[in-house]
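To find a chain, count down the sequence lines: A is the first, B the second, and so on, and within it residues start at 1. These numbers come from the heavy atoms of this one structure, side chains and all, not from hydrogens, waters or symmetry mates.
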Amino acid sequence: MRNIFSEYNYCVMINELTQAVIAAIDKLYGQSVDSKMVQISATKKEFEGDLTLVVFPFLKISKKGPEDTAKEIGEALTDSPMVAKFNVIKGFLNLSIAKNYWLNLFNGILADDAFGTKPVTENSPLYMVEYSSPNTNKPLHLGHIRNNLLGYSLCKVLEANGYKVVKTNIVNDRGIHICKSMLAWQKFGNGETPESSGKKGDHLVGDYYVKFDVEYKAQVKDLMAQGKSEEEAKKEAPLLLEAQSMLKKWEDGDKEVRELWNMMNQWVYSGFDETYKRLGVGFDKIYYESTTYLDGKAKVNEGLEKGVFYKREDGSVWADLAENGLDEKLLLRADGTSVYMTQDIGTATQRFNEYAIDKMIYVVGNEQNYHFQVLSILLDRLGFSWGKDLVHFSYGMVELPEGKMKSREGTVVDADDLMDEMVGTAKEVSQELGKLDGLSEAEIDNIARICGLGALKYFILKVDPRKNMLFNPKESIDFNGNTGPFIQYTHARICSVLRKAAEAGINLPDAADEGLTLSDVESNLIQNLANFPTVVAQAGAEYSPALIANYVYELVKQYNSFYHDFSILKEENEALKVFRLLLSKKIAAVIKTGMSLLGIEVPERM
RNA sequence: GGUCGGGUAGCUCAGCUGGAUAGAGCAACAGCCUUCUAAGCUGUGGGUCAAGGGUUCGAAUCCCUUCUCGAUCACCA
């Protein structure tokens with residue numbers, strides 16, 4: 001029997017079995033096969049067994065039918081101490097692994113405090129992840145929530161895969177849209193502040209952005225009544241002209257405009273900070289477009305000198321992307337002002353100077369696929385080592401039952417309101433169930449916060465990022481079934497059992513007795529548990545938090561079934577009781593780790 | 001029109017590096033709390049995996065065609 005737990009894991013087990021299969025085939029048919037031909041996967045739950053070998057690839061070698069071949073290989077494999085028994089269904093050889101192998105595997109997992117994650121070392125590659133990227137003229141909404149949750153979770157998953165991660169944000173703090181809310185506040189605000197109005201700063205500024213739009217539309221309507229065409233009216237409305245002149249003043253560094261800009265941006269930032277904090281996301285480094293766009297212009301001019309870009313007669317600067325099968329792209333307007341692309345080049349320049357980036361990931365919605373395709377080409381041409389392989393982590397829209405969210409039509413779901421609602425509902429649910437009686441108000445509120453946000457986050461993260469998803473405010477707030485609270489509940493229940501065990505004076509050892517006779521349910525749980533590191537690795541490789549979410553859900557479902565059918569504390573066999581406690585404890589730990597990779601907390605009671 | 005994504009149960013979603021009878025949750029119906037937290041467990045019903053063709057021992061999965069929904073192709077960001 002093995003003693004060195006730490007060297008034995010699921011991969012080693014599969015490898016060992018693979019080698020045994022190769023040996024068996026060699027013995028039976030005198031041919032050595034490549035390990036790639038040996039397909040071993042977890043047995044489907046409706047069949048008996050733990051691991052299944054697909055024998056179809058070996059039929060040409062055995063020159064026999066699938067069933068006979070499977071039977072022969074199965075019999076040969078029982079020579080190995082690992083294979084306890086087998087059964088054959090069609091061309092599938094189902095193998096039952098000896099229970100002591102599972103226990104040995106479990107003890108290895110138990111001893112690994114950082115199970116499922118790889119350590120970050122000095123030599124780890126550095127990944128920079130940009131996410132959130134808000135405009136400072138309106139509060140965050142449901143679309144931003146998906147972005148923020150995906151971005152943050154992606155960072156956690158990458159860290160768990162042993163990468164150094166720098167979480168970054170680019171704040172869109174300049175431009176005509178910002179001037180619109182500034183202008184509206186100046187004209188209609190009467191000096192209103194977050195303090196005087198009691199509104200969160202980002203909401204206050206957002207209200208003036210809306211106010212601008214209302215007044216602007218009224219002016220356009222008036223002009224059209226005076227006989228102007230719609231196009232003319234839209235261009236000539238006095239408010240728009242004023243906003244444009246304000247932008248010019250801003251660019252010229254006009255003291256008064258800059259002061260107003262600073263003040264209102266600060267309001268927005270403190271509002272955003274509150275929302276970010278509540279969402280549980282954060283950044284290591286924040287960039288502001290107002291400081292990066294100048295670097296962008298400089299970098300574009302540098303490219304112009306090197307001949308990477310070209311200038312048209314009107315003075316505008318362009319990139320010709322014909323060799324990439326794309327069109328031409330504007331980088332600087334004729335008047336020398338920058339566009340979106342220019343700013344991203346500038347931001348990249350600053351980042352490049354400050355960090356030794358191995359991989360740059362942009363978490364931005366899929367409506368910008370083209371933009372990032374172009375950005376990648378341009379950065380590569382400008383000599384950024386990571387430009388060519390930059391990753392656009394592109395995700396789908398969040399749609400409402402009425403269709404897409406549109407800020408102008410007031411159909412956006414506000415981030416703060418949504419969190420309020422989720423937490424409020426969570427509190428009602430727990431009060432109805434009456435499980436938190438005896439806890440302090442602060443503790444109850446904290447649990448409601450954890451569950452409400454858990455429901456929201458899990459709901460969004462369990463979906464494949466690249467797909468559009470539907471959010472129905474009435475139906476999506478659910479706490480039963482495949483939800484965050486379902487998973488959190490299981491964690492809380494395990495904690496409860498462990499508390500009771502501690503109260504009963506049970507001291508848990510570091511390892512389980514490997515001579516135990518386990519049920520298939522228990523060994524299946526170990527098998528599923530053992531798969532966690534593979535899932536984390538896959539989630540990292542595919543940039544998919546959803547894989548973690550779905551894995552944890554499956555694990556929890558399986559555990560709940562076990563919990564229902566087996567008693568833990570009342571088990572009379574002491575060694576078995578200890579094993580079940582250890583198993584529960586480790587599963588709780590994996591739930592906690594998995595959920596933390598999604599940015600979701602788990603409560604110890606609920 | 002070009003490019004890129006989607007289309008799986010009434011609804012929301014898994015499964016997609018080809019493997020067994022396509023899975024969950026919600027909703028509906030039927031059971032299970034004097035027993036470790038019922039936010040749980042068990043069961044029933046519900047499918048032409050958009051359609052057609054191809055590759056193969058085997059296709060929801062890979063390839064081709066068609067239909068369909070969305071995004072994008074801006075001197076907006």
Item to check | Side-chain heavy-atom pair Leu390(A), Tyr362(A) within 4.5 angstrom cut-off | outcome: yes
Next on the checklist: One thing to verify: whether Glu251(A) and Lys248(A) come together as a salt bridge, which I'm taking to mean a side-chain N less than 4.0 angstrom from a carboxylate O.
Outcome noted: no
Checklist entry - Is the cationic atom of Arg146(A) (NZ for Lys, CZ for Arg) positioned less than 6.0 Å from the six-membered ring centroid of Tyr395(A) and within 45 degrees of its normal? => result no
Checklist entry - Hey, does Thr483(A) reach any base, or is it just sugar-phosphate, or nothing, if we go heavy atoms under 4.0 Å? => result nothing
Checklist entry - What nucleic acid atoms does Asn472(A) come within less than 4.0 Å of, heavy atoms only: base, sugar-phosphate, or nothing? => result nothing
Next on the checklist: Between P on C57(B) and NZ on Lys63(A), what's the gap in Å once rounded to a whole number?
Outcome noted: 17 Å
Item to check | Span that lies between the P atom of G19(B) and that of G31(B), in whole angstrom | outcome: 40 Å
Next on the checklist: In whole Å, measure the gap between the P atoms of C41(B) and C26(B) for me.
Outcome noted: 9 Å
Checklist entry - Can you tell me how far C1' in A22(B) sits from the matching atom in A28(B), rounded to whole Å? => result 22 Å
Item to check | Atom P, compared across A60(B) and G2(B): separation rounded to whole Å | outcome: 30 Å
Checklist entry - Can you find a side-chain donor-acceptor pair between Tyr559(A) and Ser584(A) that sits under 3.5 Å? => result yes
Checklist entry - Hey, would you say the Tyr131(A) and Phe393(A) ring centroids sit under 6.0 Å apart? => result no
Next on the checklist: Looking only at the side chain of Ser561(A) (C-beta and beyond, no hydrogens), which of the listed nucleotides G6(B), U42(B), A24(B) gets closest?
Outcome noted: U42(B)
Checklist entry - Between U3(B) atom C1' and Ile377(A) atom CD1, what is the distance in whole Å? => result 12 Å
Next on the checklist: Angle between ring planes, Trp250(A) versus Tyr293(A), binned at 30° and 60°: parallel, tilted or perpendicular?
Outcome noted: tilted
Restricting both atoms to N or O, compile the protein contacts to nucleotides 70-77 of chain B shorter than 3.5 Å, with distance only.
| from | atom 1 | to | atom 2 | distance (Å) |
| --- | --- | --- | --- | --- |
| C75(B) | N4 | Asp314(A) | OD2 | 2.9 |
| C76(B) | OP2 | Arg333(A) | NE | 3.2 |
| C76(B) | OP2 | Arg333(A) | NH2 | 2.7 |
| A77(B) | OP1 | Arg333(A) | NH2 | 3.3 |
| A77(B) | OP2 | Tyr340(A) | N | 3.4 |
| A77(B) | O3' | Asn172(A) | OD1 | 2.7 |
| A77(B) | O3' | Asn172(A) | ND2 | 2.9 |
| A77(B) | O3' | Glu289(A) | OE1 | 3.3 |
| A77(B) | O2' | Asn172(A) | ND2 | 2.8 |

Checklist entry - Considering only the P atoms, how many Å lie between G52(B) and G43(B), rounded to the nearest integer? => result 34 Å
Next on the checklist: In whole Å, I'd like the distance from the NZ atom of Lys60(A) to the P atom of G58(B).
Outcome noted: 12 Å
Next on the checklist: Whole angstroms only, please: what is the CD1-C1' distance between Ile487(A) and G40(B)?
Outcome noted: 14 Å
Checklist outcome for this item: By side-chain hydrogen bond (donor to acceptor under 3.5 Å, both in side chains), Asn446(A) pairs with (sequence neighbours left out) Arg449(A)
Checklist entry - Can you give one letter per nucleotide of nucleotides 26-38 of chain B, 5' to 3': B if a protein heavy atom sits under 4.0 Å from the base, S if only from the sugar-phosphate, - if neither? => result S--------SBBS
Next on the checklist: What contact category does Val54(A) fall into here, base, sugar-phosphate, or nothing, at under 4.0 angstrom with non-hydrogen atoms?
Outcome noted: base
Next on the checklist: Tell me whether Arg174(A) forms a cation-pi arrangement with Trp261(A), defined as NZ or CZ under 6.0 Å from the six-membered ring centre and within 45 degrees of its axis.
Outcome noted: no
Next on the checklist: Less than 3.5 Å apart, any donor N or O on the side chain of Gln538(A) or Tyr551(A) sitting next to an acceptor on the other?
Outcome noted: no
Checklist outcome for this item: Taking Watson-Crick and G-U wobble contacts under 3.5 angstrom, with | marking pairs to another strand and [ ] crossing pairs, the secondary structure of RNA chain B is written ((((((((.[[[[.)...(...]]]].(((((.......))))).....[[[[[..)....]]]]])))))))....
Next on the checklist: Rounded to whole Å, please give me the gap between OH in Tyr395(A) and P in G6(B).
Outcome noted: 17 Å
Item to check | P-based separation of C4(B) from U42(B) [nearest Å] | outcome: 44 Å
Grab the N/O contacts between the protein and nucleotides 20-22 of chain B below 3.5 Å, and write none if there aren't any.
| from | atom 1 | to | atom 2 | distance (Å) |
| --- | --- | --- | --- | --- |
| A20(B) | OP2 | Lys44(A) | NZ | 3.2 |
| A20(B) | N6 | Thr52(A) | OG1 | 2.9 |
| A20(B) | N6 | Asn94(A) | OD1 | 3.3 |
| A20(B) | N1 | Asn94(A) | OD1 | 3.1 |
| A20(B) | N1 | Asn94(A) | ND2 | 3.4 |
| U21(B) | OP1 | Lys90(A) | NZ | 2.6 |

Checklist entry - Which pairs pass side-chain hydrogen bond (donor to acceptor under 3.5 Å, both in side chains) with one or both residues in residues 58-67 of chain A, sequence neighbours excluded? => result Ser62(A)-Thr69(A), Lys64(A)-Glu72(A)
Next on the checklist: Within 90° of 0 counts as syn, otherwise anti: where does C64(B) fall?
Outcome noted: anti
Checklist entry - Does the gap between the ring centers of Phe471(A) and Phe459(A) come in under 6.0 Å? => result yes
